[in-house]
Amino acid sequence: MLRLIGFLAMTAIGLSGFLTVDYSMSRQRTLAGGGDTLTIQDYLDSLSDRIASMSTSSGTAGLPRALADMLPRAPEGWTVRPAKGEDVEGFQPRNRREGTPEARKLVTSLGSPKAAYGAEVVILTYEKGDQRVVVKAERYPDAIFSERDSIEQRLELQTRSPAFRGVNSMTVRGLDVTEDILPDGMRGRLFMADVGGQIHLSLLAPKRMKDRDLVAFFQTLHVKAMNASVVHRQDGLGEVPVVVLASALGKAEYDAYQADRADRAAERAARRAEDRAAAEARAAAGGQPVKDAAAAKARVADCEKGAGGVKRCTVAD
């Protein structure tokens, strides 16, 4: 009996120590991200969601857990290594007066390990002769997607869009990939995608590389493992071993593909609006769950189709 009491006491001490350290780290992340001070009640409100997220992730046996292991394997004839900052210089304009300052800054950032909100960053460089492809992955902390004081950071990550002109490029195992058409003078093609708003992917390829050439990289992207590692998962993402290349579709197929992507974008926008409204309502109610379901849908997604068939959605009161 005394042994059992001793075991329970040690467990309680260990758990309290873990909670103290975890609360301190969560509070620092909140302050670093520009949020208000994280109260103990706020921390406890988010704890069950985080524990559920960790327990679900632990059940994904056989899937890669490290972010680097989820990135594409080197295609045949290519080599891969950790990136260096200068690897992206070959994508800049030959003449510094070409392109735009915003585009040059964006390309430079793809070679930098710096990221907002304490994100984990992995950058790999693939090489074959004089060709070079750079892939960057940023995974943001679970706390941003579960803690009440991180609403603004969460929404910013979930609604990031192309800096210039977005064109629907391909869908990899259910993951939509968009090409951000860089201004004239830039010597690269930039592709982007995100998983649950929590993992952001960027792929920088030479201007001369065709869409079909890039499939060799995207087809080994471990979408299923990425989906399993984020807080807001999408059912079935990564399950179907299919890559849909927009440029290879006929007219009717292309139109159907664009419509399908627009519908999915609208659904994601609506879910984000509900998530934000529910979080704000909980905050207004002092952390208590909202009993009125209509209050969780106080915001609606307003979507319209723009250039390239991309449906852009905004959230309004």
Side-chain angles (χ1 to χ4, degrees), residues 53 56-76 78 80 120 122-124 126 133-140 145 157-158 160-162 166-180 189-205 209-250 253-269 271-272 308-311:
S53 172
T56 302
S57 296
S58 65
T60 55
L63 294 179
R65 301 295 297 275
L67 184 59
D69 294 336
M70 302 176 193
L71 297 185
R73 298 189 297 270
E76 185 176 356
W78 290 74
V80 61
E120 174 190 2
V122 175
I123 314 174
L124 299 178
Y126 302 77
V133 171
V134 176
V135 176
K136 181 175 185 177
E138 301 164 281
R139 186 187 185 282
Y140 292 85
F145 294 83
L157 291 171
Q158 291 174 331
R160 280 187 182 175
S161 59
V167 174
N168 294 340
S169 175
M170 66 183 78
T171 298
V172 181
R173 303 174 190 272
L175 177 67
D176 289 330
V177 178
T178 301
E179 180 174 7
D180 191 357
R189 301 182 67 189
L190 175 59
F191 297 82
M192 56 189 294
D194 76 87
V195 181
Q198 188 171 355
I199 295 178
H200 285 257
L201 298 166
S202 302
L203 184 147
L204 192 59
M209 285 191 74
K210 305 298 182 185
D211 292 353
R212 290 185 180 276
D213 300 327
L214 294 167
V215 171
F217 293 90
F218 283 104
Q219 67 185 2
T220 57
L221 186 68
H222 212 309
V223 178
K224 184 176 181 180
M226 290 184 172
N227 188 49
S229 73
V230 300
V231 173
H232 296 294
R233 301 172 181 84
Q234 179 182 326
D235 291 343
L237 187 63
E239 299 286 351
V240 181
V242 174
V243 177
V244 179
L245 192 61
S247 60
L249 300 175
E253 294 171 322
Y254 180 78
D255 290 344
Y257 173 69
Q258 295 282 31
D260 188 46
R261 280 193 55 153
D263 288 343
R264 290 199 299 275
E267 290 173 3
R268 288 193 296 270
R271 285 196 300 269
R272 288 195 299 266
V310 177
K311 181 172 282 190

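Fair warning: this is a prediction, and the values are worked out from it, not measured in the lab.
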Chemist: Any donor and acceptor pair, going by atom type alone, linking the side chain of H222 with main-chain N or O of D69 inside 3.5 Å?
Modeler: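 Absent.
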Chemist: For the backbone of L67 and the side chain of R139, can you confirm whether one donor and one acceptor N or O come within less than 3.5 Å of each other?
Modeler: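 Flag not set: sc R139 to bb L67 has no pair under 3.5 Å.
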Chemist: Does the distance from a Lys or Arg side-chain N to an Asp or Glu carboxylate O, for R264 and D176, drop under 4.0 Å?
Modeler: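 A salt bridge links R264 with D176.
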Chemist: Mind checking the CG-CZ spacing from L221 to R73? Nearest 0.5 Å is all I need.
Modeler: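 It is 10.5 Å, given to the nearest 0.5 Å.
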Chemist: State, to 0.1 Å, how close R189 and K210 come at their nearest heavy-atom pair, and which atoms those are.
Modeler: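 Looks like NH1-C, 3.7 Å.
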Chemist: How close do N227 and V230 get, heavy atom to heavy atom, and via which atoms?
Modeler: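 Where N227 meets V230 most closely, the heavy atoms are O-CG2, 3.3 Å.
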Chemist: Is the backbone of H200 close enough, under 3.5 Å, to the side chain of R160 for a donor and an acceptor to pair up by distance?
Modeler: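 Judged by distance alone, no pair lies under 3.5 Å.
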Chemist: Closer than 3.5 angstrom, by distance alone: can the side chain of Q198 be matched with the main-chain N or O of V231 as a donor-acceptor pair?
Modeler: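 Checked: pair present.
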Chemist: Taking the side chain from Y126 and the backbone from F217, do they hold a donor-acceptor pair closer than 3.5 Å?
Modeler: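 Side chain of Y126 to backbone of F217: no pair is present.
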Chemist: Output the distance between atom CG (L204) and atom CZ (F191), rounded to the nearest 0.5 Å.
Modeler: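 Between atom CG of L204 and atom CZ of F191 there are 9.5 Å.
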Chemist: Within the 4.5 Å heavy-atom criterion, are L201 and L71 side-chain neighbours or not?
Modeler: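 Yes, their side chains come closer than 4.5 Å.
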Chemist: Specify the closest pair of heavy atoms between E179 and S169, including all atoms of both residues, with the distance to one decimal.
Modeler: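 Smallest heavy-atom distance, with atoms named: N-CB, 4.0 Å.
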Chemist: Measure from the side-chain N and O atoms of R173 to the backbone N and O of Q219, and report whether any donor-acceptor pair falls under 3.5 Å.
Modeler: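 Judged by distance alone, yes, a pair lies under 3.5 Å.
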Chemist: Show the numbers, then the answer: is there a side chain to side chain donor-acceptor pair (under 3.5 Å) between E253 and Y257?
Modeler: CA-CA 6 Å; E253 294 171 322; Y257 173 69; over 6 Å; no
Chemist: List the atom of T178, the atom of G166, and the distance in Å for their closest heavy-atom pair.
Modeler: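 Distance-wise, the nearest heavy atoms are CG2-CA, 3.8 Å.
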Chemist: Considering only heavy atoms from C-beta outward, does the side chain of V177 approach that of L203 to under 4.5 Å?
Modeler: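 Side chain of V177 against side chain of L203, heavy atoms only: no contact under 4.5 Å found.
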Chemist: Quick check for you: to the nearest 0.5 Å, what is the distance between R268 atom CZ and Q158 atom CD?
Modeler: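 If we round to the nearest 0.5 Å, R268:CZ and Q158:CD are 11.0 Å apart.
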Chemist: Check whether any side-chain N or O of R233 sits under 3.5 Å from a backbone N or O of A228 as a donor-acceptor pair, and report yes or no.
Modeler: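 Side chain of R233 to backbone of A228: a pair is present.
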Chemist: Once you round to the nearest 0.5 Å, how far does CE of M70 lie from NZ of K224?
Modeler: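 These two atoms lie 12.5 Å from each other.
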Chemist: Roughly how far, to the nearest 0.5 Å, is CE of M209 from CG of L214?
Modeler: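 Rounded to the nearest 0.5 Å, the CG-CE separation comes to 4.5 Å.
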Chemist: Starting at CD of Q258, measure out to CG of N168 and round the result to the nearest 0.5 Å.
Modeler: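 Result: 4.5 Å between the selected atoms.
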